[in-house]
Amino acid sequence: MQLEDGFGRTFRYLRLSLTEACNFRCSYCLPDGFKKCAGPGPLTLDELRRAATVFASLGLTKIRLTGGEPTIRPDFDAIAETIAAVPGIQKLALTTNGYRLEKRAQTWATAGIRALNVSLDSLDPATFHAITGHDRCLEVMRGIDAAFEAGFETVKLNAVLMKGVNDHEIDGFLALAKDRPLDVRFIELMETGDHAAFFRDHHIDADVITGKLAAGGWTPKLKAADAGPANDFVHPDFKGSVGLIAPYSKDFCASCNRLRFSSLGKLHLCLFGDFGIPMRQWLQSDDQMTEFRDRLIAAVRRKTAGHRLADGVTGMTRNLSAIGG
Ligand code: SAM
Ligand code: SF4
């Protein structure tokens with residue numbers, strides 16, 4: 001049995017948010033910092049295990065832990081170890097702001113995390129501080145070194161490019177991929193409900209980046225049939241590669257192979273959808289897993305063809321920390 005939507009897209013990849021909370025205050029995501037609201041806490045270790053087990057039984061082979069900042073959870077190491085051990089999960093990945101990476105890289109690799117994405121929007125400590133509210137630029141860079149030493153299968157650096165903020169740093173990011181197999185991923189700034197003005201001031205069209213890459217001798221890599229939405233580029237003088245995430249491009253949704261499960265147990269069929277389908281109530285005991293499975297199969301059939309971001313429709317997504325980018 002394989003999860004499939006009404007458009008024939010099948011799903012092998014789940015982004016699992018462990019928390020909405022974050023210690024950083026990225027200007028495009030949580031500029032005022034995370035504000036705790038009253039209400040239920042994030043999914044427990046057991047709830048996460050049950051969800052992952054059912055998703056895997058329906059053909060999902062890759063899970064990415066995200067947030068908020070997933071690694072702020074005190075039980076993060078146990079969660080990673082538990083989910084890596086779920087039968088059928090071939091690849092456990094993590095997206096992190098890297099604030100604990102330098103010290104924890106080896107532990108996380110040993111726990112079974114195989115792919116690591118580290119967000120780093122500037123290589124300049126002052127700019128990094130201005131974007132995130134934290135003075136941890138060099139620490140995160142050392143964390144990336146530690147990740148290579150720890151032996152993750154893939155290490156990617158995520159940088160959201162913003163006009164007038166860090167768009168002059170493209171060559172600096174690329175230099176990090178010269179002598180090691182780092183995959184630098186430039187992410188086009190996305191408009192979310194909270195940040196219309198910020199988007200207007202700082203958005204850079206992905207075509208501009210593609211033009212710069214082409215001028216620097218980077219050539220597009222042929223896309224594998226099961227590849228996600230990133231467009232990849234290679235260069236003969238670089239060991240690493242570049243990926244461009246361009247959510248406004250016309251083909252972005254056609255290759256969407258991901259589902260999202262929020263830290264409160266809601267299934268999100270699109271990052272910019274209008275609703276999350278509450279599923280937590282069927283994760284309360286192992287006996288409910290069959291019911292959870294049936295409801296999941298029915299819910300995925302409701303996934304729409306694509307988002308309507310280009311029309312300014314951002315759905316219910318106020319910022320990406322709520323359900324993971
Ligand atoms: N806290 C972790 C981190 O920053 O890596 C994981 C969650 S964060 C929401 C996941 C990714 O979404 C990060 O790479 C972040 O830069 C990206 N992101 C957040 N808001 C965004 C926006 N409005 N446009 C584009 N990317 C965004
Ligand atoms: Fe936190 Fe990640 Fe959002 Fe930055 S992008 S505020 S690190 S959740």
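Basis for what follows: all heavy atoms, side chains included, without hydrogens, waters or symmetry-related copies. One-based numbering, in listed order, for ligands and for the atoms of each.
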Can Val86 be reached from Phe11 by stepping across I, L, V, M, F, W or Y side chains whose heavy atoms are under 4.5 Å apart?
yes

Are Gln284 and Glu47 linked by a side-chain donor-acceptor pair shorter than 3.5 Å?
yes

I'd like to know if atom 4 (Fe) of ligand 2 has an N/O/S atom from Cys26 within less than 2.8 Å of it, counting both backbone and side-chain atoms.
yes

Under 3.5 Å, N or O to N or O, is Asp121 touching ligand 1 that way?
no

Per-atom contacts of ligand 1 with Ile187, taking only distances under 4.0 Å to non-hydrogen atoms
14 (O), 25 (C), 26 (N)

For atom 18 (N) of ligand 1, tell me which residue out of Phe24, Tyr28, Phe199 has the closest non-hydrogen atom.
Tyr28

Does ligand 1 have a heavy atom under 4.0 Å from the side chain of Thr96, from its backbone, from both, or from neither?
backbone

Hey, which atoms in ligand 1 end up nearer than 4.0 Å to a heavy atom of Glu69?
1 (N), 2 (C)

In terms of the angle between their ring planes, are Phe198 and His202 parallel, tilted or perpendicular, with boundaries placed at 30° and 60°?
tilted

Sub-4.0 Å heavy-atom contact, Glu188 with ligand 1:
yes

Which of the atoms in ligand 1, numbered in the order shown and given with their element, are less than 4.0 Å from a heavy-atom of Thr66?
6 (C), 7 (C)

Check ring pair (Phe, Tyr, Trp, His ring centres under 6.0 Å) between Trp218 and all other residues, then give those that pass, not counting sequence neighbours.
His235, Phe238

Within the 3.5 Å criterion, strictly below it, is a donor on Asn23 or Asn97 matched to an acceptor on the partner's side chain?
yes

Cys22, portion touching ligand 2 at heavy-atom distance under 4.0 Å:
side chain

Please state which option from Gly68, Gly67, Cys22 has its nearest heavy atom closest to atom 1 (N) of ligand 1.
Gly68

Near Asn158, which atoms of ligand 1 are under 4.0 Å from a heavy atom of that residue?
14 (O)

Atoms in ligand 1 flagged as close to Asn97, the criterion being non-hydrogen separation under 4.0 Å
2 (C), 3 (C), 5 (O)

